[in-house]
Protein chains: 2
Amino acid sequence: MNSVAKHLMSHGIRPSIQRIAIMQYLMGHATHPTVDTIYKDLHDDIPTLSRTTVYNTLALLEEKNAMMSITIDSHNVRYDGNANPHAHFQCRKCGMIFDSELNVTDLQNIKYPKGFDAQQVQVFYYGTCGKCREKEAMEKGKQIN
Amino acid sequence: MNSVAKHLMSHGIRPSIQRIAIMQYLMGHATHPTVDTIYKDLHDDIPTLSRTTVYNTLALLEEKNAMMSITIDSHNVRYDGNANPHAHFQCRKCGMIFDSELNVTDLQNIKYPKGFDAQQVQVFYYGTCGKCREKEAMEKGKQIN
DNA sequence: TTTCAATTTGTAATTTTTACAAATTAATAA
DNA sequence: TTATTAATTTGTAAAAATTACAAATTGAAA
Ligand SMILES: [Mn+2]
Ligand SMILES: [Mn+2]
Ligand SMILES: [Zn+2]
Ligand SMILES: [Zn+2]
């Protein structure tokens, strides 16, 4: 059996063709794709795949902690095959989402209201990515003023 | 002139009736409301208010840094009249969003990819709030097993 | 007052997500 | 194997959230 199927089973998920394809896609694409990107890309290989199945499967994978969703972008939920906790950076210019080295587990146990119990922490940085900053510098250089 | 109008003007926003009402609502409700909640609540006082105006105004207020939006919830964007940086906690049981004491500015300058430039950081905790934990404890107590 | 610009409004369109029942596929029992 | 049942997938329709846009209104400047 392939490693993706094993990953699913270790999380109590029966490894169907569709579930393997979606999980495999997430593990192979560290781009934090949207539902639509996942659907469109996979649809080329599996023309029978339904959008509903993508939604259903992503909900299942998340519930079983096989991956995580991130709400860094207000327009679309993003999905991340890397389930171990890490922070993210979204570029406001190009919209791309990058991983950050920040170990968010350090934050897990601090500074939320008394009597509360936190199970998860997400850290989202917003700013400008390296490429977009370079591009900006170029544009400025070209300007006369 | 009232203080809300002054706040708007200090951010370069012309203080119209609608803009004052929306900004005032956010400053008076630390509940991190959705667009719909803001619209429905204000509509009682200003029956002519349009949903589009609420969307437009919130986008403007955010652009001018008079307040901030938070994407802690995948279903709805939330709005926060408190623009100075702080973390948030969402209860997975009741959906409520609470402020956290965590000073996120500490995180501002650390651990995102090299050459990148972060302008903002958001920290979102997910878990169970105090009230929901109490409720859970009660339910468990009642059970025979 | 007239003119022009900014703002608001209402409607329609788009996008994202969810609901749901039928069809298909997989697992279990006979 | 074949019949029965359960799990999964599919397609369509509905709901919910957001955006586009042009007309109407309001405010500012000439
Ligand atoms: Mn990631
Ligand atoms: Mn807050
Ligand atoms: Zn970029
Ligand atoms: Zn709660």
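Chain A is the first sequence line, chain B the second, and so forth, proteins listed ahead of strands; every chain is numbered from 1. Small disclaimer: the values here were computed from a predicted structure and weren't measured.
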* Are side-chain heavy atoms of A:Glu136 and A:Lys93 found at a separation under 4.5 Å? -> yes

* To do: State, yes or no, whether a side-chain contact exists between A:Val123 and B:Val121 at a heavy-atom distance under 4.5 Å.
  =>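 Yes; the side chains approach each other to less than 4.5 Å.
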
* Heavy-atom closest pair, residues B:Ile97 and B:His32 ->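 In this case the closest contact between B:Ile97 and B:His32 is O-ND1, 3.3 Å.
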
* Structure fact -> Counting primed atoms, P, OP1 and OP2 as sugar-phosphate and everything else as base, the B/S/- map of nucleotides 6-11 of chain C against protein heavy atoms under 4.0 Å is SSSBBB

When the distance from [atom1] of [X] to [atom2] of [N] is rounded to whole Å, what number comes out?
X: B:Tyr55; N: D:dT19; atom1: OH; atom2: C1'; answer: 9 Å
X: A:Ile13; N: C:dA26; atom1: CD1; atom2: P; answer: 18 Å
X: A:Leu58; N: D:dT8; atom1: CG; atom2: C1'; answer: 15 Å
X: B:Glu62; N: D:dT19; atom1: CD; atom2: P; answer: 11 Å

Answer yes or no: is there a donor N or O on one side and an acceptor on the other, between the side chain of [X] and the main chain of [Y], under 3.5 Å?
X: A:His7; Y: A:Ala66; value: yes
X: A:Arg133; Y: B:Gly115; value: yes
X: A:Gln90; Y: A:Tyr126; value: no

* To do: Report the residues that fulfil side chain to side chain contact (heavy atoms under 4.5 Å, CB included) with A:Arg14, sequence neighbours left out, ordered by chain and then residue number.
  => A:Arg19

* To do: Any chance you could measure A:His43, atom NE2, to A:Leu49, atom CG, to the nearest 0.5 Å?
  =>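 The distance works out to 6.5 Å.
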
* May I ask you to list the residues of residues 70-80 of chain A, by number, that have any heavy atom positioned under 4.0 Å from an atom of DNA chain C? => A:His75, A:Asn76, A:Val77

* Interface with DNA chain C, restricted to residues 20-43 of chain A and to heavy atoms under 4.0 Å -> none

* What pairs meet the side chain to side chain donor-acceptor pair (under 3.5 Å) rule with one or both residues in residues 51-67 of chain A, with sequence neighbours excluded? -> A:Asp36-A:Arg51, A:Glu62-A:Ser69

Could you go through residues 21-29 of chain B and list every donor-acceptor pair under 3.5 Å that involves a side-chain atom there, pairing it with any protein atom two or more places apart or in another chain?
| from | atom 1 | to | atom 2 | distance (Å) |
| --- | --- | --- | --- | --- |
| B:Tyr25 | OH | B:Asp41 | OD2 | 2.5 |
| B:His29 | ND1 | B:Tyr25 | O | 2.8 |

